[in-house]
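Below is one structure, written out as structure tokens; the observations come after it.
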Amino acid sequence: MSTSHLLILQVVIPLIVAPLCILIRKQSLVWYVVLAVSWGTLYSAYRLLIRVLADGEIVYFLGGWAAPWGIEYRLDILNAFVLMIVASIGAIVITFAKCSIIKEVSEDRVYLFYTAYLLNLTGLYGVVVTGDVFNLFVFIEISSLSSYAMISLGRERQALMAAYRYLILGTIGATFFLIGIGFLYAMTGTLNIADLRVRIPDLENTRTIITALAFLTVGISLKFALFPLHGWLPNAYTYAPSVVSAFLASTTTKVFIYVLLRILFTIFGATFVFDVLTLDRIFLVSALLAIFSGSIAAIYQTNVKRMLAWSSIAQIGYMILGISLVSVTGLLAGIVHLFNHAIMKAALFMCMGCIFYRFNSVKLEDLKGVGRYMPWTMAAFIIAGLSLIGIPLTVGFISKWYLIMAALERDWWWLAFAILAGSLLAVVYIWRVVEVTCFQTAADQPEDKKIRMKEAPLSMLIPLWILIIANIYFGVNTELTVDVARQSAEWLLGMK
Amino acid sequence: MDYILGQYNYWVVIVLMMMGFYIVIAHNNLVQKLIGLNIFQVSVFILYISLSYLKGGTAPIYSEAYTAYTSPLPHVLILTAIVVGIATTALGLALVVRIHKAYGSIEEDQIHKMDQDT
């Protein structure tokens with residue numbers, strides 16, 4: 001079998017297995033099935049990445065209909081990399097999910113979580129591999145609808161409102177996206193991304209094309225919660241089950257930022273978007289506001305999951321900051337941070353999953369002295385936290401390093417200082433958690449409660465520590481990630 | 001005048017879009033918000049369908065008698081978008097049912113107040 005078929009199987013297999021999960025129903029069995037799908041698609045994503053690195057783009061025509069009439073799936077180095085991020089986070093999170101989800105979702109709904117998860121995975125894979133803008137819209141909606149459902153599975157009733165709010169804002173974003181596609185189609189008569197790229201330069205200065213760009217950008221920015229369109233995110237990540245927060249925080253936003261890159265660089269082209277329309281200034285301001293408002297808001301949170309959610313908004317700011325610098329180094333920083341943030345934020349949310357598993361709470365006031373009972377979990381939290389701050393030898397440092405390099409390339413010293421100031425704010429909010437959990441001691445607990453207070457089970461710790469080791473490994477050995485990100489950045493800017 | 005009447009379909013789209021958007025933002029009732037969202041989506045569907053309209057065009061079935069055909073593709077796209085819209089509405093309404101069970105209310109300000117109190 002040739003590898004190009006893997007491209008379609010990647011999307012179709014989770015889609016077919018999802019309804020099977022509803023039929024199987026038995027939660028232990030469903031978990032094995034979902035686990036097999038997750039690791040299987042990770043393997044195929046790995047094969048695809050290797051193939052793309054060796055031979056360049058892979059193109060697959062759906063049903064044998066040649067593009068631009070048929071839908072094509074197209075894998076280049078950038079989306080092969082994003083595909084790998086989604087698949088690996090998916091596989092690790094689902095390994096972790098077994099114990100965690102039983103604790104946080106009522107038992108009769110566990111199989112529904114796995115179904116929604118697989119549909120979400122289908123949507124995300126589809127968004128990443130497709131080369132057709134309308135197909136892209138449909139996959140965006142598949143992944144969004146299933147994530148609303150997953151968020152609403154949270155035990156507290158606020159989860160329902162969070163999911164509802166996300167649904168309203170997410171649908172507005174998707175509809176904006178649809179309007180943008182409509183305008184593009186009206187002007188060019190094509191929906192194929194590669195074809196759009198060829199036709200748009202002739203039509204660049206028409207008002208319809210500019211309006212289309214505006215709708216597409218705002219629509220997708222709502223989806224990945226770019227400041228000031230982030231209103232749905234804090235509650236959604238706070239009240240969703242930890243597994244869901246870990247998965248969504250580290251994959252959905254990354255995939256939608258990838259879509260933004262596709263729109264800006266592949267469809268419209270960097271010269272038009274940044275030199276003619278100077279969209280980079282808007283992104284720069286928005287990214288800086290995201291970094292500072294997100295980090296400052298994170299400092300004042302009493303719920304650790306909400307704190308991590310605000311920190312996600314700040315981290316999205318760093319990615320967009322990299323993109324707004326429009327240089328190879330800037331884009332490289334943005335793209336490599338997609339991967340780096342995914343592994344650190346997934347690890348942090350998984351730590352919260354472990355703590356909730358034993359302590360039934362992730363509120364700071366209930367977490368006094370947790371470190372004494374759960375040393376491995378807290379050690380993981382500290383390493384991932386250091387990575388979030390950007391300490392050398394962790395992945396966070398790599399992203400910050402290239403980001404500062406990109407700022408200095410432009411002689412923007414103030415921006416380099418702003419990035420460092422953002423890191424200092426991260427020190428503050430991570431330290432607050434470390435102080436409470438490791439240096440404060442809890443008031444006397446009743447004996448029966450003390451028995452439950454011990455380290456999280458191994459089935460949760462092992463996936464967590466795989467991510468922590470990845471945080472360190474890719475912080476020391478940057479060859480693979482930085483090289484892939486550099487090639488994608490050069491490709492996006494049309495240097496290759 | 002011709003500018004206004006000649007493109008009345010687009011005006012309808014704009015009016016519907018703004019109506020829907022306004023309802024989503026301004027109304028307090030969760031079901032009303034979903035209705036607003038639906039109107040907003042429908043306006044986009046009409047936009048697509050009127051894009052494909054061609055004066056004097058006919059259905060795209062080849063025949064000697066006709067020379068102009070309308071494009072069927074936007075219709076097909078919108079069929080898909082309608083399905084997405086239905087799924088969104090269904091999920092939204094299901095959430096509203098659950099919210100009603102959990103809070104005993106579907107007014108956003110009351111729910112917000114209940115969340116503040118706890």
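The figures that follow rest on heavy atoms only: side chains count, while hydrogens, waters and symmetry mates do not. All chains are named by letter (A, B, ...) in the order of the sequence lines, taking the proteins before the strands, and each is independently numbered beginning at 1.
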Side chains of A:Tyr166 and A:Asn235: any donor to acceptor distance under 3.5 Å? no
Which atoms of B:Phe21 approach chain A - backbone, side chain, both or neither, heavy atom under 4.5 Å: side chain
Decide whether B:Glu107 and B:Asn29 meet the rule of one side-chain donor and one side-chain acceptor closer than 3.5 Å. yes
If you count heavy-atom pairs under 4.5 Å with chain A, which of B:Val24, B:Leu51, B:Leu30 comes out on top? B:Leu30
Checking A:Tyr185 against chain B: side chain, backbone, both or neither under 4.5 Å from a heavy atom? side chain
Between chain A and each of B:Leu91, B:Leu77, B:Val44, count heavy-atom pairs under 4.5 Å; write down the option with the most. B:Leu77
Salt bridge (charged side-chain N to carboxylate O under 4.0 Å, His left out) between A:Glu72 and A:Arg74: does it pass, once the steps are laid out? CA-CA 6 Å; A:Glu72 68 170 348; A:Arg74 189 181 274 266; 3.2 Å; yes
Out of A:Ser144, A:Gly182, A:Ala149, return the one with the most heavy atom pairs under 4.5 angstrom to chain B. A:Gly182
By a 4.5 Å heavy-atom criterion (distance strictly below it), what part of B:Ser43 contacts chain A: side chain, backbone, both, or neither? neither
Given heavy-atom pairs under 4.5 angstrom as the criterion, report whether the side chain, backbone, both or neither of A:Leu191 touches chain B. side chain
Aromatic plane relationship, A:Phe134 with B:Tyr48 - under 30° parallel, 30 to 60° tilted, over 60° perpendicular: perpendicular
Lys/Arg N to Asp/Glu carboxylate O, B:Asp109 vs B:Lys113, below 4.0 Å: no
